[in-house]
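Below is one structure; the comments refer to it alone.
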Amino acid sequence: MYVPAFWLLFRPLKDKLGLIKRAVRRHRQLRTEFRYIPPIHAIGVELRQNYASTEAGLISSHGKGEIDFASVGRPAINTEVRLLNTGELWVRSDSMFSGYHKNPQKTAEVLIDGWLHTGDAVNINEKGHLIFLDRMDHMGQLRTGTRYAPQYIEGRLRFSPIYQGCHGTRQ
């Protein structure tokens, strides 16, 4: 059933809209554009997320058939990742920068023993995908000492069926 729909409806629609086989988006969680993803995937456009930084280059991306809307994909080829107990991601790769221009003090703060301290809080799921939470300095902390990512929680709640049922599709 999908094949006739693709040729009769989706392919002409993709041509009219100027869409391609796949699209890539930046590393923050999907927010208001989340409602457009199922239709985009339905017409055959893979929306892949990636995670990159100026200092480290491409850190992770979704591979073909590995799209998970909650993640930013697996680490890129020749990229090592390390997750500290604090939740901060450290990265080491061949495409990493060698230091900040004329600022050795800042370089020494973020580049230690070949590892870049990204300042980003992430989790790694059972598939090896990185889950971007927030910047470390935006993380909240409970009285118990447990750290949490307010933006991550807000994003998950915003698209939960319970929230949608109570508040409609408010943006």
Side-chain angles (χ1 to χ4, degrees), residues 19-20 22-42 45-77 79-93 95-97 100 103 106-112 115-171:
L19 295 175
I20 54 177
R22 71 187 67 78
V24 179
R25 71 174 302 281
R26 63 187 176 86
H27 71 275
R28 300 280 184 205
Q29 299 102 294
L30 298 172
R31 292 185 183 274
T32 55
E33 68 270 19
F34 182 80
R35 63 186 165 168
Y36 301 114
I37 292 173
I40 288 172
H41 275 266
V45 176
E46 289 185 352
L47 181 60
R48 298 181 185 184
Q49 295 191 93
N50 66 20
Y51 170 47
S53 74
T54 304
E55 296 87 355
L58 179 65
I59 297 170
S60 70
S61 184
H62 288 127
K64 184 175 182 169
E66 288 195 327
I67 296 173
D68 176 358
F69 300 135
S71 82
V72 290
R74 293 179 189 270
I77 295 171
T79 300
E80 295 176 74
V81 296
R82 181 185 287 176
L83 190 60
L84 297 186
N85 292 338
T86 62
E88 182 182 7
L89 178 71
W90 287 11
V91 176
R92 182 165 59 185
S93 74
S95 61
M96 208 163 62
F97 84 138
Y100 293 108
N103 195 343
K106 179 69 175 168
T107 301
E109 291 173 12
V110 299
L111 195 58
I112 299 172
W115 289 92
L116 173 71
H117 298 223
T118 64
D120 292 335
V122 303
N123 281 330
I124 300 175
N125 70 14
E126 64 282 348
K127 297 177 186 174
H129 287 227
L130 301 179
I131 311 291
F132 179 85
L133 299 173
D134 211 332
R135 295 287 298 159
M136 289 297 294
D137 55 354
H138 294 161
M139 297 288 284
Q141 187 168 349
L142 301 175
R143 280 185 249 168
T144 61
T146 304
R147 300 201 50 162
Y148 67 94
Q151 285 186 12
Y152 182 82
I153 295 168
E154 178 186 326
R156 294 293 174 249
L157 288 174
R158 181 172 295 186
F159 298 110
S160 77
I162 295 169
Y163 180 84
Q164 294 297 320
C166 295
H167 300 286
T169 56
R170 198 174 354 157
Q171 297 297 320

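The minimum heavy-atom distance linking E55 with Y100 is given by the pair OE2-OH, 2.7 Å. Contact record, I131 with N125: CD1-ND2, 4.0 Å, taken as the closest heavy-atom pair. Residues T118 and R135 share a closest heavy-atom pair of O-NH1, 2.8 Å. A pairwise comparison of heavy atoms in L133 and N123 identifies CD1-ND2, 3.7 Å as the closest pair. For the pair Y148 and Q141, the tightest heavy-atom approach, listed with the atom from each and the gap, is CE2-N, 3.5 Å.
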Handout entry: From CA spacing to verdict: side chain to side chain contact (heavy atoms under 4.5 Å, CB included), S60, V81
Key = CA-CA 10 Å; S60 70; V81 296; over 6 Å; no
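Checking side-chain atoms of R48 against main-chain N and O of G73 turns up no donor-acceptor pair under 3.5 Å. Looking only at distances, a side-chain donor or acceptor of H62 sits under 3.5 Å from a matching main-chain atom of D68.
When each of H129, E66, Q49 is paired with S71, the side-chain hydrogen bond (donor to acceptor under 3.5 Å, both in side chains) condition holds for H129 and for no other.
A heavy-atom distance below 4.5 Å is not found between the side chains of L89 and F132. Between L58 and S95 the shortest side-chain heavy-atom distance does not fall below 4.5 Å. Using a 4.5 Å cut-off on side-chain heavy atoms (C-beta onward), F97 and V110 make contact.
Open room surrounds CD1 on I77; 12 or fewer heavy atoms of other groups in view lie less than 6.0 Å from it.
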